[in-house]
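Below: one structure, written as structure tokens.
All of these numbers come straight from a predicted model, not from anything done at the bench.
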Amino acid sequence: MERITEHRLEALAKMIHEEMRWAGLITSTTERVVLEMGSKTYGRAYRLYTTDVEQGGGYSDKPLHLGDGFLGLTKREAWLSLIAILRAFEAMRSAKK
């Protein structure tokens, strides 16, 4: 497997944003999916949430994952969580066909 970088995690977050738009979960043009980078060293978790850039762009009350947006403490854990979210959207697309 290739190395998991912050750039690759951000690319997955963008894909989730597009899937949420497709599913009708994001309807505002100012609402964004935000990936908050973590650090195992400093005890910060990777998190995923939505925010409205017109309202200041701060942390939202709409986490995208169980556990208040928690994706994991490492890049690998975050990667696996993001992939699981994308697979759920893929299943939704397949079911709609």
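T30 meets the side-chain hydrogen bond (donor to acceptor under 3.5 Å, both in side chains) test with S28, D52; sequence neighbours excluded. Every residue two or more places apart in sequence or in another chain that forms a side-chain contact (heavy atoms from CB on, under 4.5 Å) with M15 is listed here: L12, L86. Remark: A11 engages no residue in a side-chain contact (heavy atoms from CB on, under 4.5 Å) (not counting sequence neighbours). In this structure E10 satisfies the side-chain contact (heavy atoms from CB on, under 4.5 Å) test together with L35, M37, sequence neighbours excluded.
Smallest separation of non-hydrogen atoms from G72 and F70: CA-CZ, 3.4 Å. The two residues R76 and I4 have their closest heavy-atom pair at CA-CD1, 3.8 Å. The nearest pair of heavy atoms linking A23 to M92 is CB-CE, 3.9 Å.
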- Task: Mind running side-chain contact (heavy atoms from CB on, under 4.5 Å) on K75 and L9 for me, showing each step along the way?
- Result: CA-CA 8 Å; K75 286 180 187 171; L9 293 174; 4.1 Å; yes
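Between M20 and V33 the shortest side-chain heavy-atom distance falls below 4.5 Å. In this structure the side chain of Y46 never reaches within 4.5 angstrom of the side chain of E36, judged on heavy atoms. Considering only heavy atoms from C-beta on, R8 comes within 4.5 Å of W79 through its side chain. Taking 4.5 Å as the limit, every side-chain heavy atom of L48 sits out of range of all side-chain heavy atoms of V34.
A distance of 10.5 Å separates CG in L80 from CG in L71, rounded to the nearest 0.5 Å.
Between the side chain of R32 and the backbone N or O of T29 there is at least one donor-acceptor pair closer than 3.5 Å.
The side chain to side chain donor-acceptor pair (under 3.5 Å) contacts involving residues 11-22 comprise H17-R21, E19-R93, where partners must be two or more places apart or lie in separate chains.
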